[in-house]
Amino acid sequence: MYTNNYVIVAIFLGLGIFLPVVALTIGKWLRPSKPVVEKYTTYESGNEPVGEGQIRFNIRYYLFALMFVIFDVETVFLYPWAVAFNQLGLFALVEMCIFVALLAIGLIYAWKKKVLQWTSV
């Protein structure tokens, strides 16, 4: 009984490896190959690359991005609730108030930690 489950998993694992390898190999055979030196250079909006390609970014950039993603995703959760508000009743209202309060607490925490202040340094 358990052996059958392992066989199914092995088949899917084999297909998961085999199909991408076959697709990439066929793509390599069918695509045109005309290597030119210009193709191997970095292209940035038509400008020649100048300076280092690896630079350090301020950590605040990533914190801003993370905060945006968190609050953006949470806003998506508010939309279905708002659409079905009449059918959900008082329990859903209380749950959503708790949810929004937790978001507000997170925003206040980030504000107090000065995560939302952008400095050039």
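Note that the structure is a prediction, hence the values are computed from the model and not measured.
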[atom1]-[atom2] distance between [X] and [Y], expressed to the nearest 0.5 angstrom:
| X | Y | atom1 | atom2 | result |
| --- | --- | --- | --- | --- |
| Phe68 | Thr75 | CZ | OG1 | 8.5 Å |
| Tyr109 | Ile105 | OH | CD1 | 13.0 Å |
| Leu103 | Ile98 | CG | CD1 | 12.5 Å |
| Leu66 | Phe71 | CG | CZ | 10.0 Å |

Same cluster (ILVMFWY, side-chain, under 4.5 Å), [X] and [Y]:
| X | Y | result |
| --- | --- | --- |
| Phe99 | Val69 | yes |
| Phe64 | Tyr61 | yes |
| Leu24 | Leu15 | no |
| Val73 | Trp81 | yes |
| Val22 | Leu19 | yes |

> Which atoms form the tightest heavy-atom contact between Ile17 and Pro20, and what is the distance?
Replying inline: O-CD, 3.5 Å
> Hydrophobic cluster mates of Val83, side-chain heavy atoms under 4.5 angstrom, ILVMFWY only, any path?
Replying inline: Tyr79
> CZ of Phe77: more than 12 outside heavy atoms within 6.0 angstrom?
Replying inline: no
>> If you count every heavy atom of other residues, nucleotides or ligands that lies below 6.0 Å from Trp111 atom CH2, does the total exceed 12?
In response: no
>> side-chain contact (heavy atoms from CB on, under 4.5 Å), that's the test. Do Lys112 and Ile108 meet it? Break it down for me.
In response: CA-CA 6 Å; Lys112 294 286 185 184; Ile108 291 169; 4.3 Å; yes
>> Run Leu90 and Leu93 through side-chain contact (heavy atoms from CB on, under 4.5 Å) and show every step you take.
In response: CA-CA 5 Å; Leu90 183 63; Leu93 177 65; 4.1 Å; yes
>> I'd like to check Leu78 versus Glu74 (side-chain heavy atoms, cut-off strictly below 4.5 Å). Are they in contact?
In response: no
